[in-house]
Amino acid sequence: MSAEAERKTETIPEWKREEIDDLAAFLGRYESVGVVDITGIPSRQLQDMRRELHGTAALRVSRNTLMERALAEVDEGLEALVEFVEGQVGLIGTNDNPFGLYQQLEESKTPAPISAGEVAPNDVVIPEGDTGVDPGPFVGELQTVGANARIEGGSIKVVEDSTVLSAGEEVSADLANVLGELGIEPKEVGLDLRGVVSEGVSFSPEELDIDVEEYIADLEAASSAARNLSINAEYPTARTVPSMLAKAAGEAKSVGLSAAVESPDLADDLVSKADAQMRSLAAAIDDEEALPEELRG
Amino acid sequence: MEYVYAALILHETDEEINEDNLTGVLEAAGVDVEESRVKALVAALEDVDVEEAIETAAAAPAGGAGGA
Amino acid sequence: MEYVYAALILHETDEEINEDNLTGVLEAAGVDVEESRVKALVAALEDVDVEEAIETAAAAPAGGAGGA
Amino acid sequence: MEYVYAALILHETDEEINEDNLTGVLEAAGVDVEESRVKALVAALEDVDVEEAIETAAAAPAGGAGGA
Amino acid sequence: MEYVYAALILHETDEEINEDNLTGVLEAAGVDVEESRVKALVAALEDVDVEEAIETAAAAPAGGAGGA
Amino acid sequence: MEYVYAALILHETDEEINEDNLTGVLEAAGVDVEESRVKALVAALEDVDVEEAIETAAAAPAGGAGGA
Amino acid sequence: MEYVYAALILHETDEEINEDNLTGVLEAAGVDVEESRVKALVAALEDVDVEEAIETAAAAPAGGAGGA
């Protein structure tokens with residue numbers, strides 16, 4: 001008997017049973033359900049976030065074991081989310097589209113300072129520029145943590161963007177000091193979606209992070225491709241036939257002008273062309289005596 | 001491109017750009033006319049202002065028209 | 001243009017661009033498919049390197065080239 | 001890119017660009033449809049003016065179709 | 001311009017651009033053909049590389065380009 | 001193009017652009033004049049305001065006519 | 001201007017651009033020819049590549065003249 005099955009058969013206290021049922025009912029109310037990381041968010045801030053989500057999504061926090069149970073009990077593929085229940089997490093549900101939820105959560109994230117001993121969630125960069133700090137020992141501190149800094153024009157300057165810590169590395173006390181002094185807040189605090197199941201389909205955060213601009217670029221590329229194919233293969237469509245007509249007309253004009261075809265439709269252009277050629281030839285003549293007054297430079 | 005040229009001839013002479021007329025012009029030029037292409041062209045032209053399309057071409061720089 | 005898009009889907013998925021496949025795709029999109037247009041498209045694409053034709057920039061659109 | 005072409009077919013035929021319709025078109029083209037991509041496409045296009053994108057592309061000196 | 005278009009159709013179909021052929025195409029389009037214009041056209045095209053002239057047009061930003 | 005040049009010489013000297021005058025100028029230049037082209041040119045210029053056509057040309061970025 | 005056009009006609013017909021020929025063309029057009037200007041033009045053109053000068057003009061947007 002597997003450990004999981006074993007757990008299911010054990011007798012559960014009444015309050016746990018009720019909590020699981022409650023969680024399951026919560027999960028059942030939404031088309032899209034996700035697991036969010038709430039690590040390091042103070043409870044008051046969590047309350048604010050709940051309020052901001054009101055109307056679009058709901059957040060429910062409980063013991064991890066109970067959340068796992070509820071996810072496994074509700075059908076609809078939610079068991080795929082069990083693997084994300086680890087650390088400080090909550091369940092989030094929405095009936096709006098999950099892509100919008102992801103975007104909303106990302107936008108609501110706020111920067112926060114990082115303390116010594118914490119693990120950097122992403123690369124920590126000290127940007128190029130004037131620190132505004134007077135010359136002093138701070139330049140040494142900057143150099144110690146790996147920033148390319150020097151004294152210039154009466155203050156300490158960082159000469160180039162300097163990556164002082166890579167994602168996943170631990171922040172040292174020195175670095176925490178330097179970042180604090182510079183006011184750099186490398187953390188993004190907020191609800192961090194780990195995974196979503198929407199109507200039975202699982203999405204990773206990467207899949208939820210859709211770039212609308214990219215889709216527009218794809219639409220444009222696809223419609224260009226179709227235009228090109230239509231015109232190059234000479235298969236007319238309502239969208240491309242005007243271009244094909246213009247192209248054909250342009251070809252006829254080009255042939256007509258280069259052959260100097262005496263057509264009423266080309267007469268204007270032929271006269272213009274002759275005039276332009278005459279002027280061009282006149283411009284190539286150095287001796288003004290050879291030209292009538294109108295054509296003298 | 002001969003199908004498009006044929007449509008333009010009909011347009012210039014104020015004849016209707018329909019299957020019969022296109023086929024007639026093309027056959028007179030010795031083209032082995034494909035009915036489906038004629039149909040497709042007529043369908044594509046249904047809501048198109050031919051004159052406007054041509055004028056765009058006329059407005060454009062006259063094809064470099066080189067040659068003597 | 002939907003006929004051309006249908007051809008491009010088939011091209012992308014390495015399916016043959018023939019009458020049956022085109023008709024299938026178009027019907028799935030709710031198009032009231034005209035056989036002649038399908039035939040014309042297949043004929044037009046017969047001698048064309050689709051990949052190359054896609055990439056070769058065609059003429060810019062004529063002015064008010066609206067149309068559906 | 002076949003997902004985008006499918007969306008464009010639906011746009012041309014004035015059908016709604018929704019999951020069912022996209023899936024239908026793609027399956028008809030023999031595509032092994034990924035539901036998550038369909039959902040993402042529908043969500044992404046929700047606020048996009050497809051017609052505008054088409055016109056932008058048409059106005060630009062159509063370079064080769066990039067994209068995936 | 002119908003005379004030039006007629007010449008271009010003949011060029012596309014590899015038929016000789018002579019008086020008889022031009023007259024045939026134009027008459028099929030319902031044109032009341034002027035013999036002198038046909039003769040003049042044939043004479044004018046005699047020394048011109050039609051293919052090259054067509055390609056010159058293609059090289060220029062056909063259509064779309066703002067007018068003068 | 002010599003036929004057009006001849007017409008413009010006549011225009012410059014305020015002589016009538018008719019068949020006789022054109023033929024005269026061209027023959028003086030050793031051209032083996034084709035009557036049909038002369039006729040066609042006279043007809044083509046009938047409704048053209050030569051002066052206006054020239055001014056339009058002059059107004060436009062003058063034919064690349066840069067310095068010598 | 002008529003002197004320059006006369007030179008262009010001669011160039012076009014592969015006749016030598018000399019005093020006699022120019023005078024002949026101009027007189028045929030009814031011009032009261034000034035010998036000194038003819039001389040000056042012939043001398044000036046001696047160092048000019050007429051073909052090249054003409055092509056410069058042709059390459060530029062042909063006179064903005066619209067109207068089909």
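Below, read A as the first sequence line, B as the second, and so on, with proteins coming before strands; counting in each chain starts at 1.
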K.L.:
So, using side-chain contact (heavy atoms from CB on, under 4.5 Å) as the criterion, who are the partners of B/Glu15 when residues are at least two apart?
P.N.:
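Expected list: B/Leu10, B/Thr13, B/Asn21.
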
K.L.:
With side chain to side chain contact (heavy atoms under 4.5 Å, CB included) as the criterion, how do E/Ile9 and B/Ile9 come out once you've worked through the C-alpha distance, each side chain's angles and the decisive distance to 0.1 Å?
P.N.:
CA-CA 10 Å; E/Ile9 294 186; B/Ile9 292 187; 3.8 Å; yes

K.L.:
Roughly how far, to the nearest 0.5 Å, is CD of B/Glu2 from OH of E/Tyr5?
P.N.:
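Result: 15.0 Å between the selected atoms.
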
K.L.:
Who are the side-chain contact (heavy atoms from CB on, under 4.5 Å) partners of B/Glu35, not counting sequence neighbours?
P.N.:
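Only B/Lys39 meet the side-chain contact (heavy atoms from CB on, under 4.5 Å) criterion with B/Glu35.
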
K.L.:
Heavy-atom pairs under 4.5 Å with chain B are the metric here; pick the option from E/Glu27, E/His11, E/Met1 that has the most.
P.N.:
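Ranked by heavy-atom pairs under 4.5 Å with chain B, first place is E/Met1.
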
K.L.:
Using a 4.5 Å cut-off on heavy atoms from C-beta on, say whether the side chain of B/Leu26 contacts that of E/Val25.
P.N.:
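Sidechains of B/Leu26 and E/Val25: no contact.
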
K.L.:
Which atom names give the shortest non-hydrogen contact between B/Ala28 and E/Ala28, and what distance separates them?
P.N.:
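Heavy atoms of B/Ala28 and E/Ala28 come nearest at CB-CB, 3.6 Å.
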
